[in-house]
Amino acid sequence: MKTKYLSESKNDIEQAGKIIANGGLVAFPTETVYGLGANALDDHAVENVYLAKGRPSDNPMIVHICNINQVEELVEEFPRSGRLLAEAFWPGPLTLIMRARDLVPRRTTGGLDTVGIRFPSSHTAQTLIRLSGCPIAAPSANLSGKPSPTKWEHVAEDLDGKIDAIIKGKDSQVGIESTVVDITGLKPMILRPGIITSEDMEKVLGREVLIDESLVTRPQKKENPQKKRQGLKGASDVVEDECTHIIPRAPGMKYKHYAPKAPVTIFEGDRIKALECLEEREKILKAEGKKVWILDLGLDEVEAASRLFAQLRKADKEGADEILALGLEEKGVGFSVMNRLLKSAGFNTVKC
Ligand code: TXA
Ligand code: MG
C-alpha cells in the first residue's frame, strides 16, 4: 500500500477524516505521542490497526473524542470522579477507563468490558476526530515494542507502506503517553503513569488515587554472570521467563516495550556517583571498540519526558552499540519517565 503524506491544512485533515470514516488508518499528531487512528466503532478497521502494528489483540485501544458529551454515548456510566478529572485535565494527556456500552466493539477494548477514553488537546487531533465523524481508536503509531513516536518521521520509519496516511504534524510536546486511570472501582487507580500525576489528581478529587502495584514493584531480577565477569558490579539483567512479575492491570503494560536495538543500562543513585559509574563503563566499552550513546535526560523531568523516546530512536539511527542512561529520581513526573526508561532497558540497572 502507498502511504499518503498529508499536511495539517484543513483540506488535508478533511481528507484524513474521510479515510477514517471509510475504514482506513491514519497516523496523526497528539500532544503526547503520534497515534494510529481508525474508526473506534468499526471492528474491521480496528483489526487492521492491530495488524499494522503487530500488536497483540488482547491489548485494548484508547478511544479519542473531541467533545466531553461524547463520553455518555460510549460508556454505561460517567462517574463523578471522571467528570471532575475531565473538567480539570481535558482536553489533555489523561485517559479515563470506564464501563463500555455494547456499542463499543470488544475488538477495540481488547475483549474487556471497559473502555479507555481520552480527549486530546492537540488541535489537529481534535479537528481530525470532528471531521471523521466518529470516535477514533488510536494506539501509539509505532511498531509494537518500539519506542513511541514523537515525530512524524518516526511514524514513517515504522509504518510507511502499512497504513493509508500520515499527517505530518508538529513534534509531540509531552513526549510520553497519557496517564491511564481506572475509575470503575471504589478508588481511582493509575494503570499507566504520565505527565498528570497521582498528586495532581488527588488535588482535584480531594481523595487518594491509587497506583497499580505492578508499577511500583520491579520484576525480580536474575544476576547475569556474564556481566559480572565483565566487572560490572551489581549489574543484572531480566531474564523474561525466569522473573516473577506482578501482572499489570493495563494489558499493554505487560509487553516488552520501548526497546531500541541497542541494549540500555540505567545507572541509578546519587547523580554524581552514577555519572562516575557510567563514565567508567563508557571507557571499558569504548576500549572494546563499541559505539556508546549517553542518555542524560537532565534534571527537569518534564523536559526529560519530552526528549526520551526521540533520544532512544536517535541512538539507534546513529548506530549505537550500547546506550548508557542516567536514572531519574522516581518522584512526580520522574516516576513516569523512569517507568518507560526501565522498560526500554528491560529493567537492566546498575546501583551506584
Ligand atoms: O497518549 C496516549 O495515550 C497515546 C495517544 C495516541 O493518545 N495512545 C497510547 O495508546 O498510548 P496505546 O495503545 O499505545 O496504549 C494504551 C494503554 C495500554 O497500556 C492499554 O493496555 C491501556 O492503555 N488500556 C487501554 N484501554 C484499557 C482498558 N479498558 N483497561 C485497562 N487498560 C487499558
Ligand atoms: Mg503504545
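Scope of the values below: all heavy atoms of this structure, side chains included, with no hydrogens, waters or symmetry mates. Fair warning: this is a prediction, and the values are worked out from it, not measured in the lab. We're numbering straight along the sequence, starting at 1. Ligands are counted one by one from 1 in listed order, and the atoms in each one are counted from 1 as well.
Of all heavy-atom pairs between Y34 and K168, the closest is OH-C, 4.2 Å. Across G24 and D164, no two heavy atoms sit closer than the pair CA-OD2, 3.2 Å.
The local environment of CZ in R80 is sparse, with at most 12 non-hydrogen atoms from other residues, nucleotides or ligands closer than 6.0 Å. In this structure, E72 places its CD atom where more than 12 heavy-atom neighbours from other residues, nucleotides or ligands lie under 6.0 Å away. No more than 12 heavy-atom neighbours from other residues, nucleotides or ligands sit within 6.0 angstrom of CZ on R249.
A side-chain donor from one of R118 and T30 sits under 3.5 Å from a side-chain acceptor of the other.
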Requested in this report: Just do the side chain to side chain donor-acceptor pair (under 3.5 Å) check on D212 and S214 with the steps written out, would you?
Outcome: CA-CA 6 Å; D212 181 18; S214 72; 3.0 Å; yes
**Report entry** Worked verdict on R340 versus S148 for side chain to side chain donor-acceptor pair (under 3.5 Å)
**Finding:** CA-CA 10 Å; R340 311 305 197 274; S148 296; over 6 Å; no
Report task. Could you go through the side chain to side chain donor-acceptor pair (under 3.5 Å) check for D200 and T197 one step at a time? Result -> CA-CA 5 Å; D200 295 333; T197 63; 3.2 Å; yes
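What sits closest to atom 7 (O) of ligand 1 on the protein, heavy atoms only, is H64 NE2, 2.6 Å. Of all protein heavy atoms, the one lying nearest to atom 3 (O) of ligand 1 is S178 OG, 2.6 Å. Remark: minimum distance from atom 24 (N) of ligand 1 to any protein heavy atom is reached at P60 CG, 3.7 Å. If you check which protein heavy atom lies closest to atom 17 (C) of ligand 1, you get R192 NH1, 3.5 Å. Counting protein heavy atoms only, atom 6 (C) of ligand 1 is closest to G35 CA, 3.5 Å. The closest protein non-hydrogen atom to atom 13 (O) of ligand 1 is R55 NH2, 2.8 Å. Looking only at protein heavy atoms, the nearest one to atom 19 (O) of ligand 1 is G252 CA, 3.3 Å. For atom 28 (C) of ligand 1, the nearest non-hydrogen atom of the protein is I97 CD1, 3.4 Å.
Ligand 1 has no N or O atom lying under 3.5 Å from any N or O atom of Y34, backbone or side chain.
For atom 4 (C) of ligand 1, the nearest non-hydrogen atom from the set V63, T30, V33 belongs to V33.
S178 contributes no side-chain N or O that, together with a main-chain N or O of P93, makes up a donor-acceptor pair within less than 3.5 Å. A donor-acceptor distance shorter than 3.5 angstrom exists from the side chain of Q126 to the backbone of P120, with no hydrogens or angles considered. The closest donor-acceptor contact from the side chain of T114 to the backbone of I97 lies at 3.5 Å or more, if one exists at all.
In terms of hydrophobic clustering, with Ile, Leu, Val, Met, Phe, Trp and Tyr side chains grouped at heavy-atom distances under 4.5 Å, I176 and M253 are assigned to a common cluster.
Residue-ligand proximity: A138 is placed with a non-hydrogen atom under 4.0 Å from ligand 1. Using a non-hydrogen distance threshold of 4.0 Å, T109 does not register as a contact of ligand 1.
With a 4.0 Å heavy-atom cut-off, ligand 1 is reached by the side chain of L191 but not by its N, CA, C or O.
Applying the 4.0 Å criterion to heavy atoms of E177 picks out, from ligand 1, the atoms 1 (O), 2 (C), 11 (O). Residue L112 has at least one heavy-atom neighbour below 4.0 Å for each of these atoms of ligand 1: 28 (C), 29 (N), 30 (N). Near T32, meaning under 4.0 Å from one of its heavy atoms, ligand 1 places the atoms 1 (O), 2 (C), 4 (C), 5 (C). Listed by number with element, the atoms of ligand 1 under 4.0 Å from a non-hydrogen atom of N59 are 18 (C), 20 (C), 21 (O). Of all the atoms in ligand 1, the ones that sit under 4.0 Å from a non-hydrogen atom of T114 are 28 (C), 29 (N), 30 (N).
Here D270 pairs with I272, K273 under the side chain to side chain contact (heavy atoms under 4.5 Å, CB included) rule; sequence neighbours left out.
Sorted by chain and number, the protein atoms of type N, O or S within less than 2.8 Å of the Mg ion (ligand 2) are S140 OG.
Side-chain contact between P149 and D158: absent, with no pair of heavy atoms (C-beta onward) separated by less than 4.5 Å.
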